[in-house]
K.L.:
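To start, I am sharing the structure in question, which I have written as structure tokens.
Below, chains carry the letters A, B, ... as their sequence lines are ordered, and counting in each starts from 1.
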Amino acid sequence: MAYWLMKTEPEECSIDDFAKNPSKPICWDGVRNYQARNFMREMKTGDLVFIYHSSCDLVGIAGVVAVCKEAYSDPTQEDPASNRWSAVDLIFKERFSRIIPLATLKALPELADNPLVRKGNRLSVIPFTEHEWNACVLAAR
DNA sequence: GCCAACGTTGGC
DNA sequence: GCCAACGTTGGC
């Protein structure tokens, strides 16, 4: 099993959108970056994913979802038959009682090498090591 | 709203 | 293949 983080603007899709319908998968589409797309294509059913809220009042990790359908052709792309872009389906796992703020994440030594905390980083799908994952989960408690 | 950093596009 | 211009991301 692998670990990931995916960014979203909570106004568009937040951890609450998962939590209010915990058995209903959400199609994660619209990714238009090749590196992010390639990571999505590596995702396996059961992989765990941090939901990260960006461009909002409280930026940080809001909770956990799981991959429940592996990569398929993004239905929102111009020509879905081209299979240029990919989507995955995600399902609710956990909503943290409080968001782990970006400042807290930046202060975690385990995350020092993670692209998430590097200035200017725009990658919206980021792989996490188990070590990095566990450090964040601890910070959420 | 500002602006730095980045990825993509397109002319050459 | 180079690189300037442009559009977008995302923290603040």
K.L.:
Distance check needed: C:dG10 C1' versus A:I126 CD1, whole Å only.
P.N.:
12 Å

K.L.:
Check for a donor-acceptor pair, side chain of A:R98 on one end and backbone N or O of A:R141 on the other, with a separation under 3.5 Å.
P.N.:
yes

K.L.:
Looking at the side chain of A:N33, which of C:dC12, B:dG7, C:dG10 is the nearest nucleotide?
P.N.:
B:dG7

K.L.:
In chain order, what residues pass the side chain to side chain contact (heavy atoms under 4.5 Å, CB included) check against A:Y72, with sequence neighbours excluded?
P.N.:
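Expected list: A:C27, A:K69, A:P75, A:A87, A:D89.
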
K.L.:
To the nearest Å, give me how far apart CZ (A:R118) and P (C:dG11) are.
P.N.:
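Roughly 15 Å, once rounded to whole Å.
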
K.L.:
Given C:dC12, C:dG10, B:dT9, identify the nucleotide with an atom nearest to the side chain of A:S55.
P.N.:
C:dG10

K.L.:
Below the 4.0 Å mark, does C:dG11 have OP1 or OP2 next to a side-chain nitrogen or oxygen of A:Y52?
P.N.:
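For C:dG11, OP1 or OP2 has a side-chain N or O of A:Y52 closer than 4.0 Å.
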
K.L.:
Rounding to a whole Å, what distance do you find between A:E9:CD and C:dG10:C1'?
P.N.:
8 Å

K.L.:
Does a side-chain N or O of A:K119 approach OP1 or OP2 of B:dA5 to a distance below 4.0 Å, or not?
P.N.:
yes

K.L.:
May I have the distance from A:L123 (atom CG) to C:dT9 (atom P), rounded to whole angstrom?
P.N.:
13 Å

K.L.:
Would you kindly give the CZ-to-C1' distance between A:R32 and C:dG10, to the nearest whole Å?
P.N.:
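Rounding to the nearest Å, CZ of A:R32 and C1' of C:dG10 are 19 Å apart.
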
K.L.:
What distance separates A:E94 CD from A:I15 CD1, expressed to the nearest 0.5 Å?
P.N.:
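Nearest 0.5 Å value for the CD-CD1 distance: 8.5 Å.
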
K.L.:
In whole Å, I'd like the distance from the CD atom of A:E11 to the P atom of C:dT9.
P.N.:
14 Å

K.L.:
Is the shortest side-chain N/O distance from A:K7 to OP1 or OP2 of C:dG10 below 4.0 Å?
P.N.:
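So the side-chain polar atoms of A:K7 do come within 4.0 Å of the phosphate oxygens OP1 or OP2 of C:dG10, strictly under.
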
K.L.:
Applying the salt bridge (Lys or Arg N to Asp or Glu O under 4.0 Å) test to A:D74, which of A:R41, A:R32, A:R84 qualifies?
P.N.:
A:R32

K.L.:
If I take atom CG in residue A:L105 and atom P in nucleotide C:dG10, what distance separates them, rounded to the nearest angstrom?
P.N.:
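Going from CG in A:L105 over to P in C:dG10 covers 15 Å.
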
K.L.:
Has A:K106 got a side-chain N or O lying under 4.0 Å from the OP1 or OP2 atom of C:dC12?
P.N.:
yes

K.L.:
Please work out whether the ring planes of A:W133 and A:F50 are parallel, tilted or perpendicular, with thresholds of 30° and 60°.
P.N.:
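Rings of A:W133 and A:F50: parallel, as their planes differ by under 30°.
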
K.L.:
Between atom CD in A:E12 and atom C1' in C:dG10, what is the gap in whole Å?
P.N.:
14 Å

